[in-house]
Amino acid sequence: MQWHEVSAAPGRNEVDPLLAEATDRVVVHGTDMDLAAVVLRLLRKERLTELTVGYVPVADSPVARLWGLAVGDFERALTASPRPVPLIRDDSGGILLGEGVIAPITGQAYCDDAQVLNGAAQSLVVSPDPDAAPLPDPTADPLNHTIEPPMDGLRVGITRRGLLRRRTESARGRAFQASFRSATVRHDGTDHPRPMEKWVWYRHTEDLNLAR
C-alpha cells in the first residue's frame, strides 16, 4: 500500500491518477467529506465494483458511527473484507455516504410514496440505511430496465418540537424528495454552494464495497 497526501475533498485532478494505479483497494484517511470526494470519482470512473474502499476517520463522524468504524483503525481499513453498503446519490451530481441535513425546513417531503413532512420541522436527516439488503443485481447503468429496482437503501428522520420535548419520526425507502422554502442542504460535512428549494436523494444501482 502506497500513501499519497492530497488536499481536503480532493478533485479529479488529484484523485483520478491515483485511482488509475489502484488494483484492489483504496484507503482514505480523513473526514467524511474527503471520503465522499474519492468515492464520487470511483462512481464517475465506473470502478465501484472493482475496488474495496477502506476508511480511517480522523474523528468521530456520521460515516464512522453508521458502519462501526473506529478513529485511527488502519488495520481494519487495510485488511477487512469488503461488505456492500448502500450508495446514495442526489440530483445535483453528488453522493451521500453519512448524513444529509436540511435544518430547519418548511415544506413537503416524501420517502418513496409516503409523505413524511407537510409543514415545518426542526431538522430533516437522511442517511444510508444500515439494515438495507445488498443489491442482488448491481449495474452501472441506472437506465437498465431489466433490473428490479431496490425497495430500500436510505432512512429519513424528521425532528419536530413538541409541547414538552422534541419528537423524531423515521421512514425507510429507496428514494427521498422534498420541496421547501429556500434552505441550505448539508451533506457529509459540507454545505451545498447555494440555497436550494428542492432536493432528491436516491439509492444508486451499485453498492459501495466498504472494508468493515
Side-chain angles (χ1 to χ4, degrees), residues 1-100 127-128 130 132-144 147 150 153-154 186-193 201-212:
M1 174 69 68
Q2 188 174 10
W3 293 97
H4 301 269
E5 186 171 349
V6 296
S7 58
R12 63 182 181 181
N13 291 337
E14 290 184 276
V15 176
D16 287 6
L18 302 180
L19 295 182
E21 300 174 3
T23 58
D24 176 64
R25 183 178 301 241
V26 174
V27 175
V28 177
H29 178 220
T31 66
D32 290 359
M33 180 175 61
D34 301 326
L35 177 65
V38 173
V39 173
L40 180 61
R41 296 313 305 161
L42 285 175
L43 172 65
R44 294 281 184 266
K45 305 299 287 186
E46 297 186 357
R47 301 200 65 190
L48 284 171
T49 60
E50 298 176 15
L51 295 175
T52 297
V53 176
Y55 179 40
V56 185
V58 295
D60 186 38
S61 71
V63 171
R65 292 191 295 271
L66 191 64
W67 304 115
L69 305 177
V71 174
D73 190 352
F74 284 90
E75 182 176 358
R76 177 181 294 193
L78 290 167
T79 63
S81 299
R83 295 164 62 187
V85 302
L87 177 62
I88 308 303
R89 301 182 65 175
D90 63 48
D91 59 350
S92 294
I95 60 173
L96 177 67
L97 299 180
E99 187 175 84
S127 67
L135 292 173
D137 299 300
T139 173
D141 179 12
L143 300 180
N144 188 339
I147 302 299
L154 58 75
R186 185 170 181 80
H187 46 91
D188 289 331
T190 184
D191 291 341
H192 191 69
W201 276 301
Y202 60 95
R203 186 177 187 174
H204 182 49
T205 51
E206 291 177 299
D207 288 333
L208 173 66
N209 291 318
L210 185 66
R212 59 189 181 97

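All values below come from the heavy atoms of this structure, side chains included, with hydrogens, waters and symmetry mates left out. Residues take their numbers from the sequence shown, with the count starting at 1. Quick caveat, the model's predicted, so the values are computed rather than measured.
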- Distance, nearest 0.5 Å, that separates CG of Leu40 from CZ of Arg89: 8.5 Å

- Report the C-alpha separation of Asp91 and Tyr202 in whole Å, then their side-chain angles, then the decisive distance to 0.1 Å, and conclude whether the side-chain hydrogen bond (donor to acceptor under 3.5 Å, both in side chains) test is met. CA-CA 8 Å; Asp91 59 350; Tyr202 60 95; over 6 Å; no

- Task: For the pair Arg47 (side chain) and Arg41 (backbone), establish whether a donor and an acceptor sit closer than 3.5 Å, ignoring hydrogens and angles.
- Result: no

- Is the number of heavy atoms from other residues, nucleotides or ligands under 6.0 Å of Glu75 CD greater than 12? no

- Message: What's the separation between atom CG in Leu18 and atom CD in Gln2, rounded to the nearest 0.5 Å?
- Response: 9.0 Å

- Message: Within the 4.5 Å heavy-atom criterion, are Val26 and Leu19 side-chain neighbours or not?
- Response: yes

- Task: Taking the side chain as every heavy atom from C-beta outward, state whether Val85 and Leu66 have any atom pair closer than 4.5 Å.
- Result: no

- Query: Do the side chain of Asp32 and the main chain of Gly189 share a donor and acceptor less than 3.5 angstrom apart?
  - Reply: no

- Where do Leu78 and Val27 land on the side-chain contact (heavy atoms from CB on, under 4.5 Å) test, with the steps shown first? CA-CA 7 Å; Leu78 290 167; Val27 175; 3.9 Å; yes

- Message: Restricting to non-hydrogen atoms, name the atom on Pro130 and the atom on Pro128 that form the minimum distance, rounded to 0.1 Å.
- Response: CD-O, 3.3 Å

- Item | Shortest non-hydrogen separation from Pro86 to Ala132 and the atoms involved | CG-CB, 3.8 Å

- From Leu135 CG over to Arg203 CZ, what is the distance, rounded to the nearest 0.5 angstrom? 4.0 Å

- Query: Should the pair Phe74 and Trp3 be assigned to parallel (<30°), tilted (30 to 60°) or perpendicular (>60°) ring geometry?
  - Reply: perpendicular

- Which pair of non-hydrogen atoms, one from Pro10 and one from Ala37, has the smallest distance, and what is that distance? O-CB, 3.3 Å

- Message: What's the separation between atom CG in Leu208 and atom OH in Tyr55, rounded to the nearest 0.5 Å?
- Response: 12.0 Å

- Query: Counting heavy atoms not belonging to Arg65, are there more than 12 under 6.0 Å from its CZ?
  - Reply: yes

- Item | Flag side-chain contact, heavy atom, 4.5 Å: Arg83 against Leu210 | no

- Query: Does Asn209 reach the main-chain N or O of Pro82 with its side chain, forming a donor-acceptor pair under 3.5 Å?
  - Reply: no

- Does some side-chain heavy atom of Val53 sit less than 4.5 Å from a side-chain heavy atom of Leu35? yes

- Query: Looking at side-chain heavy atoms only, is the closest gap between Leu43 and Leu48 below 4.5 Å?
  - Reply: yes

- Do Leu96 and Leu87 come within less than 4.5 Å of each other through their side chains, counting heavy atoms only? no

- Looking only at heavy atoms, the pair that brings Arg212 and Pro84 closest together is NH2-O, 3.6 Å

- Do you know the tightest heavy-atom contact between Ala211 and Gly54? CB-CA, 4.1 Å

- Query: Taking the side chain from Thr31 and the backbone from Asp34, do they hold a donor-acceptor pair closer than 3.5 Å?
  - Reply: yes

- Message: Let me confirm one number: the CH2-OG distance from Trp201 to Ser127, rounded to the nearest 0.5 Å.
- Response: 10.0 Å

- Identify the two heavy atoms, one from Ala77 and one from Val56, that lie closest to each other, and give their separation to 0.1 Å. CB-CG2, 3.5 Å

- Query: What's the spacing between Ile95 CD1 and His187 NE2 if we round to 0.5 Å?
  - Reply: 10.0 Å

